[in-house]
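Just so you know, ligand 1 is whichever comes first in the structure, and atom 1 is the first atom listed for that ligand.
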Amino acid sequence: MAKMWAGVTDGNTAQIADDFNSSIRFDSRMYRQDITGSMAHAAMLGARGIITEAEAGALIDGLQGILDDLDSGKLAFDMTCEDIHMFVEQVLTQRLGDVGKKLHTARSRNDQVALDLRLYLAEKNGDMAALVKDLIAAVTDKAEQYKDTIMPGYTHLQRAQPITFGHHLMAYAMMLLRDLERLADCQKRTLVSPIGCCALAGTTYDTDRRFEADKLGMHDICRNSLDGVSDRDFAVELLSALSILMMHLSRFSEEIILWSSWEFKFVQLSDAYTTGSSIMPQKKNPDMAELVRGKTGRVYGDLMALLTTLKGLPLAYNKDMQEDKEAIFDAVDTVEMCLKVFVGMVETLTAIPENMKKAAGEGFINATDLADWMVKQGLPFRSAYKIAGQLVARCMAEGKVLEDLPLSVYREYSDLFTEDVYHAIDLATCVATRISEGGTSVASVEAQISYVKEQLA
Ligand code: ARG
């Protein structure tokens, strides 16, 4: 069939060219945004007298009818159309006749597609932000529940100092809070309207771009028409925010996988979020966490794909830019799914405090506290550090921990030692005395929890 844009060419493209060129199979998901944008455009054309108010009314009613019919399933997408924009215009013209042909006055598919994508991604940004909030709430609830559960804190994956599980979880709440900020920041630049930039140069019609932007809930307009149709920064920014978010989920996943291994057994995942093995009856696998970790690579790939697509493009619109959608849609779908699964997985996860406590008791993770205690008795830190190291070496040689050594042994290294040292190196004391802001004491973690709750409210 000859194309709507047949003019200088006869519009009779080869079937293979149509298949290659067409984007309706993936851009049809923006039909709501396309139609809403067109309604705002028709209203503006009417308000400025570019078409009559009656024509604008007919266009808006016609577009509403198409929207309703697509929503209800009465109308199906025509996959032979080039894209969603052509499809809507085609149906409108079939239904309204010549009036339908007036909709595309003072606009181009170049500003139209940029608008649709911005509106679509703004909505998705909101959906994902809501899910991130759900996840932060789930993590914070767990942190509250385990705010005095002692576990080893690690550096280099070596036992380092005692912390609480609540403290560890709150680290993720803080990361997710930054993700939320990044999404909100990206939203500011997404909700800027390109409509009215037209093909690239603006238009000779007396349009009102701000009228359209206002109607669509966008707070500003793109200030340069070439930039308006060429800019995909908002999509790159979203992909970048999503990549960072996925990096956080992937690190969290990695820890959940480690913690639920037999080697650690710090946590138990609910049966609802684990799978079995087809051969090994004893297996309970953390597939959800592994998949989130795996899908992180896919979202990074989407970011790289879009950056690479855009890097050599001259201004203004180039068809290469049609490739933006599959990348960003894939990322949005992936992240939404990962977030939903993660909320449930965290909500139903339980800690095994005995195992955490046991691991915390085996790694000399109170050695810093031993040194700090000596500093409080008047020794310079470096000297105290050295003595603590010698005591740890002694323990290792004798198969003991610091708590087991009798006072007489301590006094071989320094006559500053008194019975009080045992209280200082008790893990509960080590945690309770880390009262610095952001630290692991119950009070410090409670302050972190309140902060996050305030930020969410
Ligand atoms: N399907 C196109 C896209 O996604 C719409 C814009 C087409 N514009 C054009 N001048 N061919 O980018």
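Atom 1 (N) of ligand 1 has its closest protein heavy atom at Q322 OE1, 2.7 Å. Of all protein heavy atoms, the one closest to atom 5 (C) of ligand 1 is D83 OD2, 3.5 Å. If you check which protein heavy atom lies closest to atom 11 (N) of ligand 1, you get R109 NH2, 3.7 Å. When only non-hydrogen protein atoms are considered, atom 7 (C) of ligand 1 lies nearest to Y317 OH, 3.6 Å.
The side-chain tip of R29 points at the ring of F329 from less than 6.0 angstrom away and within 45° of straight on.
Contact atoms of ligand 1 toward N110: 8 (N), 9 (C), 10 (N) (distance under 4.0 Å to a heavy atom of the residue).
Remark: D233 does not engage R189 in a salt bridge, criterion side-chain N to carboxylate O under 4.0 Å. Ion pairing between a basic and an acidic side chain is recognised when a charged N comes within 4.0 Å of a carboxylate O; K74 and D68 show no such pairing.
Pairs of residues two or more places apart, or lying in two chains, that qualify as ring-ring contact (aromatic ring centres under 6.0 Å, His included) and include a residue from residues 72-93 are Y31-F77, F77-F87.
Residue-to-ligand polar distances place S23 within reach of ligand 1: an N/O pair is separated by less than 3.5 Å. Backbone and side-chain nitrogen or oxygen atoms of E82 are examined, and none is located within less than 3.5 angstrom of a nitrogen or oxygen of ligand 1.
The side-chain hydrogen bond (donor to acceptor under 3.5 Å, both in side chains) search around D10 returns none, not counting sequence neighbours.
Between F266 and F264, the ring-plane angle classifies as perpendicular under the 30° and 60° cut-offs.
Only the side chain of K325 comes within contact range of ligand 1, with a heavy atom under 4.0 Å; no backbone atom does.
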